[in-house]
Amino acid sequence: MSWIQLPQTRLWVQDQGRGPGVLLVHGFPLDHSMWKYQQEFFLARGYRVVAPDLRGLGQSPPLDEVTTMAQFADDLAQLLQALEVSPGVIYVGLSMGGYVAWEMVRRHRRWLRAMVLCDTKAAADTPEAAQARLQLAQNILQHGMDELDRTMREKLWAGESSTRQEEDVEHIHQVIRSTSPQGAAAALRGMAQRQDATELLPQLELPVLYVCGDQDVLSTPEQMHQMAQATPGARWALIPQAGHMAPIENPQAVNRALEEFLDNLS
Ligand code: MLT
């Protein structure tokens, strides 16, 4: 891991391997380590794997009161530039990492070769959901991350049938509890004001794979299947025994879907 200096900030980044680029973009309020099984997968297949902690999350320092999805995307484009990655990367994002993907398409399309979007949504927040996020941001700033961590324990994971490893679950909750309240609040405010991307889907002119845990309650299989149907030529993988954290709950099934997607790319 190393610090990469960008014009406005610095990001904590894992950059491993040589070959075509893969950019792994974590969800909220997580960090790069949620991708450990996909890092291994892509490295074994000869890719260069770049996995940053987004601004204000993981080890990357918070900077703003609001971090928009566009700002995260601008950071990522600057990061790829700073690392001298060749344009044409496979963008892999989970949940908030998917919201950032829409801004990569809108603002930095030239960097993208293909996208893998896991457990995410195209729709913007309803006014009620946006309001709840703003309140949560306030709560986190006043009381810290513990309450959010407790709520997330109920929402992130599949039920008992899950194939996940308990140490992975505990690691993720450790990451959540260690997140900077300022960084988490800024990301929540940014998510509350994100643009709806539904109309972007029929215009996506790049290969897309949608991945969803069959027990995801935050971005449901029904919602994600509709996104896949709205995206020309998109592939769809429903991951058994997994919730919102499919890549770490059932990495074998997610990596099999990645393998098939890569086989059909060129
Ligand atoms: C995430 O995993 O990134 C969050 O569930 C996104 C959200 O709060 O909408």
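Numbering of ligands and ligand atoms starts at 1, following listing order.
For the residue pair Q71/D75, the side-chain donor-acceptor check at 3.5 Å is satisfied.
With hydrogens left out, the protein atom closest to atom 9 (O) of ligand 1 is Y99 OH, 2.6 Å, a heavy atom.
Residue F28 approaches ligand 1 through these ligand atoms, each under 4.0 Å from one of its heavy atoms: 1 (C), 2 (O), 3 (O), 4 (C). Per-residue contacts place G27 under 4.0 angstrom from the following atoms of ligand 1 (heavy atoms of the residue considered): 3 (O). The distance from ligand 1 to the heavy atoms of S95 drops below 4.0 Å at these ligand atoms: 1 (C), 2 (O), 3 (O), 4 (C), 5 (O), 6 (C).
Around CD of E205, the count of heavy atoms belonging to other residues, nucleotides or ligands within 6.0 Å does not exceed 12. In the displayed structure, Q142 atom CD is contacted under 6.0 Å by more than 12 heavy atoms of other residues, nucleotides or ligands.
Among K121, H26, M96, R133, the residue whose heavy atom lies nearest to atom 7 (C) of ligand 1 is R133.
Separation of atoms CE (M145) and CG (N139) is listed at 10.0 Å; rounding is to 0.5 Å.
Between F42 and Y47, the ring-plane angle classifies as perpendicular under the 30° and 60° cut-offs.
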